[in-house]
Protein chains: 4
Amino acid sequence: MTETPAVPAKSTASRRGRPRSEASHQAVMEATARLLDVEELPYEELTVERIAAEAGVGKQTIYRWWENKAAVVLEALVTGYVKLDFHQVPDTGDLRADLDSWVEQSVKGLCKQDEDEGTVILRSLMAAIVSGGEAIQELLQNTDVWSGMHLAERLRSAHTAGELRDDVDPGMVASAVMGAVVMQMLTVGKPDGESLKRLLHVMLDGALEPRRPA
Amino acid sequence: MTETPAVPAKSTASRRGRPRSEASHQAVMEATARLLDVEELPYEELTVERIAAEAGVGKQTIYRWWENKAAVVLEALVTGYVKLDFHQVPDTGDLRADLDSWVEQSVKGLCKQDEDEGTVILRSLMAAIVSGGEAIQELLQNTDVWSGMHLAERLRSAHTAGELRDDVDPGMVASAVMGAVVMQMLTVGKPDGESLKRLLHVMLDGALEPRRPA
Amino acid sequence: MTETPAVPAKSTASRRGRPRSEASHQAVMEATARLLDVEELPYEELTVERIAAEAGVGKQTIYRWWENKAAVVLEALVTGYVKLDFHQVPDTGDLRADLDSWVEQSVKGLCKQDEDEGTVILRSLMAAIVSGGEAIQELLQNTDVWSGMHLAERLRSAHTAGELRDDVDPGMVASAVMGAVVMQMLTVGKPDGESLKRLLHVMLDGALEPRRPA
Amino acid sequence: MTETPAVPAKSTASRRGRPRSEASHQAVMEATARLLDVEELPYEELTVERIAAEAGVGKQTIYRWWENKAAVVLEALVTGYVKLDFHQVPDTGDLRADLDSWVEQSVKGLCKQDEDEGTVILRSLMAAIVSGGEAIQELLQNTDVWSGMHLAERLRSAHTAGELRDDVDPGMVASAVMGAVVMQMLTVGKPDGESLKRLLHVMLDGALEPRRPA
DNA sequence: TAATAAGCGAGACGGTACGTCATGTCTTCCG
DNA sequence: CGGAAGACATGACGTACCGTCTCGCTTATTA
């Protein structure tokens with residue numbers, strides 16, 4: 001997860017010069033989280049200068065270790081300094097009921113805020129992904145962006161338990177569900193619990209009319 | 001779809017003053033399309049100043065009719081001046097085969113370009129959605145962003161034909177599939193045809209192990 | 001004082017078409033005066049658009065009859081729609097006393113306002129002169145800009161009365177005095193009555209007919 | 001003369017961060033001078049953007065240290081980067097002859113240019129004074145705008161030498177003369193040497209110590 | 001009385017400068 | 001020598017005004 005760009009990372013050795021200040025690293029992450037989460041600054045209004053000031057850190061210290069704003073924000077999001085307000089998926093054994101419950105809880109959580117505060121972080125996430133350069137691309141290849149929503153995990157456990165058919169890819173399914181949620185949040189502002197549940201049921205049961213009259 | 005902000009548009013009447021130049025309107029749309037599609041400028045490098053120059057139009061003429069860059073780009077995308085490279089979904093009556101064929105064709109189309117050219121427009125679309133203000137939000141509420149991919153349409157026709165169960169919402173399903181595709185394209189660059197097909201099959205058939213052999 | 005540009009002004013004839021609206025002409029002058037005098041807009045913030053709006057007149061109607069903003073403002077200043085706050089010079093026969101009195105009254109008048117309100121119109125006048133093109137230049141050649149300050153007039157009357165030496169040019173002297181006043185107002189804000197009186201005395205001692213032959 | 005706004009300028013201390021680049025400072029001054037003097041751009045066509053480009057300097061670097069265009073131009077004029085074409089006043093001991101000579105030389109110098117090139121800088125000076133905000137006002141309070149014309153200096157030397165009456169303020173007299181000159185240049189284009197000489201004589205006849213030895 | 005002509009208020013047009021802001025680099029000093 | 005402070009060049013932003021133009025209407029003169 002370190003971004004240290006083009007640094008060979010001499011294994012056990014102690015590299016020359018003053019080592020990277022972990023305090024600064026954390027300060028930047030926390031500042032970013034604070035600005036996104038507490039101040040609720042949208043991505044465009046979140047500036048590197050502001051992060052540096054908030055963290056009590058020189059601007060160059062940020063540019064030394066991250067490619068750009070997107071990289072900072074993505075690391076903060078992906079490493080859990082900022083969390084999207086999704087709930088844990090319960091694991092009672094009844095997958096269908098668990099998912100329904102997850103949807104209900106999450107929707108309730110996301111909708112309780114006034115305005116579209118609930119989507120600020122999501123928008124920042126998407127903005128960072130979309131605007132990101134190559135380094136961000138690489139980072140994303142090895143990362144499950146939606147891991148914070150716990151959905152894939154639950155589906156995987158169901159898969160392992162044999163509840164799902166073998167040829168089902170739990171990650172892909174989770175990604176599809178989250179894609180639908182995200183688009184809904186970005187376009188209409190709030191996710192719609194009912195539609196979402198029906199979508200999940202379709203995924204569980206299939207969409208085709210079972211027309212087996214025989 | 002009209003942008004004229006807060007103009008009652010008195011039906012037959014002709015309002016005083018110089019009327020809006022439809023030529024300028026089109027020029028802006030075409031310039032935007034040209035820059036996105038031909039020059040393949042990513043969203044951040046696509047500036048209002050450049051659009052104005054390319055269209056031979058004053059900057060203020062853009063700001064008079066659109067709230068910001070996002071609104072211009074979204075209108076160009078939504079009204080079809082720029083198209084995402086997705087293929088028509090065939091309608092042979094066999095939904096499953098049609099979808100498979102669509103996936104194959106589209107993936108082939110999207111991957112044939114060098115680099116990540118295929119995702120430039122998609123990134124712009126998402127960037128515009130994500131960065132857009134309230135006016136963009138409103139526009140999106142009445143718009144199916146993915147309509148250009150023809151998937152929802154095909155599913156709806158299947159739904160009408162009774163091929164899908166009544167309680168399935170074709171738009172939601174399409175949105176989920178497109179969400180997965182988009183996230184894949186944004187994070188790993190190209191969509192993976194095989195995964196995609198399996199996802200579609202899951203949606204058609206259901207994910208649950210039918211474990212009732214008895 | 002008509003600006004009708006390049007119009008031969010066919011003597012008695014009545015040209016075809018709608019004649020110039022004197023109402024609009026006056027409305028523009030009055031609007032300009034109101035904005036300068038009442039609203040105390042400085043010249044740079046006084047826009048043609050604002051004048052047109054204030055006058056309830058189309059922008060083109062202004063540009064049809066005046067070359068530019070400077071011409072409008074200058075006409076308003078020169079034709080007396082706006083007046084600089086200088087007092088009449090009394091004419092008691094005692095030139096020296098009259099000038100002293102004039103200085104005192106004028107300085108008092110100019111200083112009574114808070115801030116630098118007293119200089120707003122003066123600044124506008126100078127701005128218009130300085131920014132004006134050729135047409136303004138022409139207008140100024142036949143105009144005594146400082147006529148509103150009544151100084152030249154009084155000096156001329158003294159000259160005619162034989163109080164001043166023959167080779168003294170009253171207009172030039174007035175221009176010099178006003179130049180000093182103006183520079184003082186522009187640079188330090190207020191004119192300084194004492195300095196001014198001393199300057200006038202110097203000029204008088206040099207300018208007065210030495211009529212003491214004895 | 002320093003522009004550093006509201007900076008305590010801790011005497012010997014060296015403040016943190018990168019210090020102001022004197023190179024940029026000079027580059028801006030020289031660019032302004034070049035544009036005014038060589039390119040002969042009138043004040044309105046002299047833009048901050050152009051100055052920045054000509055100086056190879058970021059626009060923000062100008063706005064960081066100067067309030068606006070007027071401040072830049074005024075500093076260039078007042079610190080001698082741009083000079084008005086007035087001649088030195090000779091000092092032969094004979095004040096009257098010296099002034100006559102000065103008028104002749106200066107008028108000749110100012111009139112030799114074609115068009116009104118001679119007045120471009122003067123117009124810029126007045127424009128800057130007139131349009132300038134509070135900071136400019138302050139700057140002007142401690143500055144003799146006409147110092148470049150050397151007139152006040154010569155008068156002061158005469159004053160010190162006892163040639164002028166005690167109660168004569170040489171600065172005020174110079175200001176009056178220059179005011180007349182300037183108004184003439186602004187309104188009719190060229191100064192009129194004869195009128196000017198007569199004005200000076202009037203002032204002298206009033207200002208000279210009447211050393212009547214008889 | 002109809003045609004013609006110009007002026008009118010309104011307001012959109014192509015331009016362009018404004019002053020602000022953010023980016024990413026560079027320089028200086030402190031620890 | 002790492003890191004903070006912060007100035008630097010660059011360039012987009014959104015606003016404002018300029019002076020021109022196109023509307024549909026109104027007001028005169030001319031036929």
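Just so it is clear: chains get the letters A, B, ... in the order the sequence lines come, proteins before strands, and each one is counted from 1.
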Partner set under side-chain hydrogen bond (donor to acceptor under 3.5 Å, both in side chains) for E49(A), not counting sequence neighbours: K59(A)
Sequence neighbours excluded - salt bridge (Lys or Arg N to Asp or Glu O under 4.0 Å) pairs with any residue from residues 24-35 of chain D: R34(D)-E54(D)
Interatomic distance where CD1 belongs to I51(D) and C1' belongs to dC18(E) [whole Å]: 13 Å
Check: E40(A) main-chain N/O paired with D37(A) side-chain donor or acceptor under 3.5 Å: no
Contacts of E138(C) that satisfy side-chain contact (heavy atoms from CB on, under 4.5 Å) - sequence neighbours left out: none
Partner residues of T61(C) under the side-chain hydrogen bond (donor to acceptor under 3.5 Å, both in side chains) criterion, sequence neighbours left out: none
Sequence-aligned protein contact record of nucleotides 5-10 of chain E, with B where the base is within under 4.0 Å of a protein heavy atom and S where only the sugar-phosphate is: BBBBBB
Which residues share a side-chain contact (heavy atoms from CB on, under 4.5 Å) with A55(D), sequence neighbours left out: A27(D), V28(D), A31(D), V57(D)
Most 5' of E49(D) and L46(A) on DNA chain E, judged by nearest nucleotide: E49(D)
Nearest-angstrom distance from the residue atom CH2 of W66(B) to P of dT15(F): 15 Å
Atom-to-atom span, CD of E67(D) to P of dC18(E) - whole angstrom: 14 Å
Atom-to-atom span, NZ of K69(D) to P of dT16(E) - whole angstrom: 16 Å
Whichever of N68(C) and E44(B) has its nearest DNA chain F nucleotide further upstream toward 5': E44(B)
Distance in angstrom units between Y63(D) OH and dA7(F) C1', rounded: 18 Å
Angle between terminal axes - the helix from dT1(E)-dA31(F) to dG31(E)-dC1(F), 5 pairs each end, rounded to 10°: 10°
Donor-acceptor pair, side chain of R123(D) and main chain of I129(C), under 3.5 angstrom: yes
Rounded interatomic separation in angstrom, taking CZ from R50(A) and P from dA5(F): 15 Å
Atom-pair distance (CD1 on I62(B); P on dG15(E)), nearest Å: 12 Å
Partner residues of S131(B) under the side-chain hydrogen bond (donor to acceptor under 3.5 Å, both in side chains) criterion, sequence neighbours left out: Y43(B)
Value in whole Å for how far the P atom of dC13(F) lies from CD of E45(A): 16 Å
Under the side-chain hydrogen bond (donor to acceptor under 3.5 Å, both in side chains) test, residues paired with T47(D) that sit two or more places apart: none
